[in-house]
Amino acid sequence: MELKRKYPVGIQNFEKLREDGFLYVDKTALIYQMVKSGSYFFLSRPRRFGKSLLVNTLKAYFEGRKELFQGLAIEQLETEWTCHPVLHFDFSTGKFETRQMLREAIDYKLSEMEQPYGIPQDGLSPNIRMTRLIKTAFQQTGQRVVVLVDEYDSAMLQHIDDDERQEDVRMEMRNLFSPLKEADPWLHFVLLTGITKFSQMSIFSELNNLTNISMLSQYDTLCGISEEELTTQLRPDIEKLAESYGDSYDDMLRELKEMYDGYHFSRAKTDVYNPYSLLNAFNNKDIQSYWFGTATPTFLTKIIRRYKMELEDLSNIQCATSTFDQPVEHVSDPIPVLYQSGYLTIKGYQRFGDVYTLDFPNREVRQGFANSLYRYYASNDVRSKDKLYLAYLDFYRSNDLSAFIDELKVFFAGVTYQLFNDNERHFHALLFTLLTAFGADVRPEVATARGRADIVLKMPTTIYVMELKYDKTAAEALAQIDERGYAEPFKNDGRTIVKVGINFGSTERNITEWVTEQVD
């Protein structure tokens with residue numbers, strides 16, 4: 001009987017992963033390259049992308065745990081396996097509602113690391129204790145110290161809309177880590193990880209010798225799973241998943257790519273798959289929205305509300321390199337936070353002008369983001385939400401647009417007055433968001449030779465070309481589709497083409513009339 005592969009879902013401890021026989025996608029050659037090329041590094045990656053496992057792997061490496069690396073690339077590269085004292089700070093799991101809670105967590109961690117060196121618990125300030133700890137560890141072991149800080153910005157992001165609490169957190173963190181620069185003679189290696197970039201937080205302003213590797217192409221795949229790793233190390237897993245669905249290997253690879261691929265962390269655009277979602281899909285033999293479904297971070301919901309964001313605003317965004325370094329202490333532009341958090345990624349780069357194009361990385365994120373907006377706009381009546389989704393499924397199977405529009409009217413009637421922007425674009429954005437949330441193959445503002453079609457919805461046998469009007473008539477909307485030839489690009493597709501004109505009324509705040517016409 002063939003044993004099931006053990007997938008490290010939720011396991012960030014490298015020692016447990018290796019000793020208990022869990023799957024490990026070998027990143028040790030990249031790790032070796034990093035540790036031999038410098039001493040001070042910062043890495044930004046989205047949540048659940050393997051930052052904690054990376055930090056834990058480095059901890060085992062610097063502690064000289066050679067036995068854990070048997071059979072991995074680094075076993076053939078490293079010859080010394082020197083044991084260094086390692087100071088490991090992990091802020092990924094704490095909920096720091098107050099400054100005192102963060103201070104207590106820091107005190108506990110410092111006390112835990114001071115004990116092996118016999119350092120007294122004398123209530124000194126964290127910055128003094130940090131300096132003393134590094135110097136003592138160096139003196140007692142004869143080896144320079146390694147400092148690993150995981151998710152340093154977790155507490156900051158918990159209070160992204162509270163300036164006072166953010167300042168409290170920043171001061172506590174700055175006090176703790178300010179000694180790192182003066183401790184350089186006793187330090188061997190420093191790595192800081194987080195979601196937001198260090199330069200934005202003013203916590204490590206003294207550490208001007210940090211190398212930010214977040215957007216360097218040679219480290220694109222340090223966290224996450226590359227296309228090459230997927231199709232080599234994980235090929236058997238794709239084959240088993242395909243078998244469970246009754247699909248071919250190629251079809252399953254295409255579906256995994258559409259669902260979980262698309263992350264690019266530099267202008268080189270090396271494809272990186274979401275490791276959390278991918279491993280969950282293999283483990284459960286089921287393709288679902290795992291990364292987005294685990295939890296929508298509070299700060300994302302707060303940003304959506306603050307900026308009244310609409311899905312269309314987040315497609316094909318053009319931005320300069322300086323955008324990525326805008327401060328997040330006082331968020332004036334949500335784009336840097338959405339990029340660093342993994343909701344947007346690099347889709348293109350133009351060397352002239354140093355301009356990047358950002359968009360959603362894949363279907364999981366696009367659909368998950370749409371669902372977040374959907375829940376924000378919808379009433380609290382779960383039953384009405386389910387009815388609209390079921391109506392869409394019936395529409396998908398039967399092409400019965402009438403029943404779906406009836407449920408759309410019910411939905412719009414439940415959207416509260418405060419969430420409405422009285423204009424055509426807002427209703428357009430709402431409809432596009434709903435269709436995206438339901439997993440539809442839908443595109444907004446589709447360019448043609450004479451203009452842009454508001455919405456193009458592709459179904460198995462039919463393509464719907466939609467034009468939306470506000471306080472006008474459905475007939476005017478249909479006429480515009482004809483006048484500007486919005487349906488022309490799809491005539492050779494092979495599917496039936498249906499033109500749809502819809503009017504929204506400002507008084508009713510709802511669909512007042514709609515009309516369809518099939519293209520001959």
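As a basis for the values below, the full set of heavy atoms in this structure was taken, side chains included, without hydrogen atoms, waters or symmetry mates.
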So, [X] versus [Y], ring centres under 6.0 angstrom or not?
| X | Y | value |
| --- | --- | --- |
| F189 | F62 | yes |
| Y343 | F292 | yes |
| F49 | F265 | yes |
| Y263 | Y273 | no |
| F89 | Y152 | no |
| F438 | Y396 | no |
| Y61 | Y32 | no |
| F14 | Y24 | yes |

Taking all heavy atoms of [X] and all of [Y], pick out the closest pair and write down the distance.
| X | Y | answer |
| --- | --- | --- |
| F42 | G194 | CE1-N, 4.1 Å |
| A453 | V465 | CB-CG1, 4.2 Å |
| L241 | A281 | CD1-O, 3.8 Å |
| L53 | Q12 | N-OE1, 3.1 Å |
| L176 | P126 | CD1-CB, 4.2 Å |
| C223 | R45 | CB-CG, 4.1 Å |

What I want to check is whether the side chains of [X] and [Y] have a donor and an acceptor closer together than 3.5 Å.
| X | Y | answer |
| --- | --- | --- |
| Y349 | D354 | yes |
| S44 | Q340 | no |
| Y7 | D237 | yes |
| D220 | S266 | yes |
| T28 | D26 | yes |

Measuring from [X]:[atom1] to [Y]:[atom2], what's the distance to the nearest 0.5 Å?
| X | Y | atom1 | atom2 | answer |
| --- | --- | --- | --- | --- |
| T57 | L68 | OG1 | CG | 9.5 Å |
| I31 | L77 | CD1 | CG | 11.5 Å |
| L43 | I213 | CG | CD1 | 5.0 Å |
| L23 | L234 | CG | CG | 5.5 Å |
| E228 | T221 | CD | OG1 | 8.5 Å |

inquiry  = Filter on side-chain hydrogen bond (donor to acceptor under 3.5 Å, both in side chains), then keep only pairs touching residues 79-91, sequence neighbours left out; what's left?
reply    =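 Qualifying pairs, neighbours excluded: D90-S92.
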
What I want to find out is whether [X] reaches [Y] closely enough, with some N-O distance under 4.0 Å, to be called a salt bridge.
| X | Y | result |
| --- | --- | --- |
| R18 | D20 | no |
| R254 | E258 | no |
| K27 | E229 | yes |
| K16 | E19 | no |
| R484 | E467 | no |

[X] side chain vs [Y] backbone, donor-acceptor pair below 3.5 Å:
| X | Y | answer |
| --- | --- | --- |
| S154 | F91 | yes |
| D251 | D247 | no |
| D184 | L187 | no |
| N175 | M171 | no |
| T323 | C319 | no |
| Q233 | V25 | no |
| R47 | W291 | yes |
| T357 | N316 | no |
| D454 | L468 | yes |
| Q350 | F352 | yes |

inquiry  = Taking the six-membered ring of F360 as reference, does the cationic atom of R366 (NZ for Lys, CZ for Arg) lie under 6.0 Å from its centre and within 45° of its axis?
reply    =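 Judged by the rule (NZ or CZ under 6.0 Å from the ring centre, within 45° of its axis), R366 is not positioned above F360.
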
query = Taking the six-membered ring of Y356 as reference, does the NZ or CZ atom of R267 fall below 6.0 Å from its centre and within a 45° cone about the axis?
reply = no

pair [X]-[Y]: side-chain heavy atoms closer than 4.5 Å:
| X | Y | result |
| --- | --- | --- |
| I463 | L457 | no |
| E255 | I287 | yes |
| I195 | P46 | no |
| I455 | R443 | no |
| L435 | L431 | yes |
| L314 | I335 | yes |
| H188 | V145 | no |
| T193 | V149 | no |

task = Walk me through it: do T345 and D359 pass the test side chain to side chain contact (heavy atoms under 4.5 Å, CB included)?
result = CA-CA 6 Å; T345 196; D359 209 327; over 6 Å; no

ask   = So does E243 have more than 12 non-hydrogen atoms from other groups sitting under 6.0 Å from CD?
value =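 Counting other residues, nucleotides and ligands, CD of E243 stays at 12 neighbours or fewer.
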
request  = Using the side chain to side chain contact (heavy atoms under 4.5 Å, CB included) rule, take R5 and F282 through it: C-alpha gap first, then chi angles, then the decisive distance, then the call.
outcome  = CA-CA 9 Å; R5 178 112 81 160; F282 290 148; over 6 Å; no

inquiry  = Holding to salt bridge (charged side-chain N to carboxylate O under 4.0 Å, His left out), I want the full list of residues that pass it with D168, two or more places apart in sequence or in another chain.
reply    =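 Partners of D168 by the salt bridge (charged side-chain N to carboxylate O under 4.0 Å, His left out) criterion, ordered by chain and then number, come out as R99.
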
request  = Output, in order, the C-alpha distance, side-chain angles, deciding distance and verdict of side chain to side chain contact (heavy atoms under 4.5 Å, CB included) for Q33 and Y219.
outcome  = CA-CA 9 Å; Q33 173 185 327; Y219 297 111; 3.9 Å; yes

task = Check K36, R65, K66 against E78 for a salt bridge (charged side-chain N to carboxylate O under 4.0 Å, His left out) and give me the one that passes.
result = K36

